[in-house]
Chemist: 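Here it is, the structure in full.
Here the structure is a predicted model, which is why all the values come from computation and not from measurement. This chain uses plain numbering: 1 for the first residue, then up along the sequence.
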Amino acid sequence: PHICSVADRLAAEGFHAFAPDLYRGETTTRPDDAGRRMMELNIAQAGREIQAAARAMRALDAAQPKKVAVLGFCMGGQLALHAACSYPKDFEAVVDFYGIHPKAEIDLAALEAPVLAHFADHDEFVPKEKAEALVRDLESLGKDTKAHFYPAGHAFFNDSRPEAFHAAEATKAWERTLAFLNEHLR
């Protein structure tokens, strides 16, 4: 539901939004099941499905100009980077919300799109050191990268999780995301 609400918010801002269901309708509310499914996900297949979604979006007559961004949260943030690195001609921008996934290998040298990254200072799943290392790697390769660190924890943008949601920081991240997307997609 959170991802659908983000897609709706993007649509309300005038963007076309598509959220591929990489789990084909399987859902869970149990953290252990979610972790297992995350680790079992076929990363290469997920990348191809994200690329297919990008190409479908670009093919829409109403989509003008023909520019596509990929945006993801947590595992999806790393998958966004993975897709943009694997299929660099298909994406004009990448937004990574606190995304690191141990199985989603990325070839940052292949990346062509600018990256906006949002990370939390107090993230128990994505330690700040790992996030900073990713940003350093992007910058050392000369990639167009904007990274922001927020005084919050993991999933601070997810308003469907009251224990994690941080309204003030989520608002800043949203405003930065919209500015970034407007800059690179319009």
Side-chain angles (χ1 to χ4, degrees), residues 1-28 34 37-38 41-101 104 106 111-120 144-148 150 154-161 164-167 169-186:
H2 172 66
I3 300 303
C4 290
S5 75
V6 172
D8 289 342
R9 289 173 67 184
L10 288 166
E13 294 291 336
F15 296 102
H16 295 276
F18 183 88
D21 179 1
L22 302 176
Y23 289 104
R24 294 166 181 68
E26 283 187 43
T27 62
T28 185
R37 288 180 180 158
M38 179 179 87
L41 184 68
N42 181 323
I43 301 300
Q45 178 63 31
R48 288 189 295 273
E49 290 177 21
I50 294 167
Q51 178 201 31
R55 289 183 173 180
M57 294 299 293
R58 194 178 307 277
L60 292 174
D61 289 338
Q64 294 295 333
K66 300 292 185 189
K67 295 182 177 182
V68 177
V70 59
L71 182 150
F73 298 87
C74 188
M75 172 191 73
Q78 184 82 354
L79 289 175
L81 278 171
H82 171 77
C85 291
S86 298
Y87 307 101
K89 301 298 182 198
D90 289 305
F91 301 97
E92 281 72 32
V94 180
V95 181
D96 177 355
F97 275 85
Y98 35 84
I100 301 277
H101 186 293
I106 51 178
L111 181 69
E112 295 180 13
V115 175
L116 175 64
H118 302 288
F119 290 105
D144 182 353
T145 306
K146 293 177 185 161
H148 301 280
Y150 301 85
H154 189 75
F156 70 87
F157 190 82
N158 190 338
D159 58 1
S160 69
R161 292 185 50 200
F165 181 60
H166 195 292
E169 302 310 320
T171 297
K172 286 180 204 171
W174 182 247
E175 290 169 356
R176 289 169 172 159
T177 298
L178 291 178
F180 180 79
L181 293 175
N182 279 309
E183 176 184 353
H184 295 288
L185 298 184
R186 305 251 189 208

Chemist: Please find the pair of heavy atoms, one from W174 and one from L10, that lie closest to each other, and give the distance.
Modeler: CH2-CD2, 3.7 Å
Chemist: Start with the C-alpha distance between N182 and F15, add both sets of side-chain angles, then the distance that settles side-chain contact (heavy atoms from CB on, under 4.5 Å), and finish with yes or no.
Modeler: CA-CA 9 Å; N182 279 309; F15 296 102; 3.6 Å; yes
Chemist: Calculate, to the nearest 0.5 Å, the distance between atoms OG and CG belonging to S5 and N158 respectively.
Modeler: 7.5 Å
Chemist: Hey, can you pull the donor-acceptor pairs under 3.5 Å for the side chains in residues 76-84, sequence neighbours left out?
Modeler:
{"from": "Q78", "atom 1": "NE2", "to": "A104", "atom 2": "O", "distance (Å)": "3.0"}
{"from": "H82", "atom 1": "ND1", "to": "E105", "atom 2": "O", "distance (Å)": "2.9"}

Chemist: Just so I know, are the side chains of I50 and Y87 near enough to count as touching, which here means a heavy-atom distance under 4.5 Å?
Modeler: no
Chemist: What are the two closest heavy atoms between A170 and F156, and how far apart are they?
Modeler: CB-O, 3.8 Å
Chemist: Give, for atom CG of D159 and atom NE2 of H166, the distance between the pair rounded to the nearest 0.5 Å.
Modeler: 14.0 Å
Chemist: What pairs of donor and acceptor atoms, side-chain ones from residues 111-119 against any protein atom, are under 3.5 angstrom apart with sequence neighbours left out?
Modeler:
{"from": "E112", "atom 1": "OE1", "to": "K89", "atom 2": "NZ", "distance (Å)": "3.1"}
{"from": "E112", "atom 1": "OE2", "to": "K89", "atom 2": "NZ", "distance (Å)": "3.0"}
{"from": "H118", "atom 1": "ND1", "to": "Y150", "atom 2": "OH", "distance (Å)": "2.7"}
{"from": "H118", "atom 1": "NE2", "to": "T177", "atom 2": "OG1", "distance (Å)": "2.9"}

Chemist: What pairs with K172 under salt bridge (Lys or Arg N to Asp or Glu O under 4.0 Å), at least two apart in sequence or on another chain?
Modeler: E169
Chemist: Closest heavy-atom contact between A17 and A7?
Modeler: CB-O, 3.6 Å
Chemist: How many angstroms lie between CD in E92 and NE2 in H184, if you round to the nearest 0.5 Å?
Modeler: 11.0 Å
Chemist: Does H101 reach the side chain of I43, with side-chain heavy atoms less than 4.5 Å apart?
Modeler: yes
Chemist: Say you draw a straight line from OG1 of T145 to CG of D96; how long is it, rounded to the nearest 0.5 Å?
Modeler: 10.5 Å
Chemist: Check whether any side-chain N or O of R37 sits under 3.5 Å from a backbone N or O of T27 as a donor-acceptor pair, and report yes or no.
Modeler: yes
Chemist: Rounded to the nearest 0.5 Å, what's the gap from CZ on R55 to NZ on K66? Could you check?
Modeler: 14.5 Å
Chemist: Which pairs with one or both residues in residues 47-81 pass ring pair (Phe, Tyr, Trp, His ring centres under 6.0 Å), sequence neighbours excluded?
Modeler: H2-F73, F73-F97, F73-F157
Chemist: Which pairs count as side-chain hydrogen bond (donor to acceptor under 3.5 Å, both in side chains) when at least one residue sits in residues 41-51, sequence neighbours excluded?
Modeler: R24-E49, Q45-R48, Q45-E49, Q51-D90
Chemist: Mind checking whether M38 and Y23 have side chains closer than 4.5 Å, heavy atoms only?
Modeler: yes
Chemist: Suppose the criterion is salt bridge (charged side-chain N to carboxylate O under 4.0 Å, His left out): which pairs have a residue in residues 173-186, not counting sequence neighbours?
Modeler: K146-E183
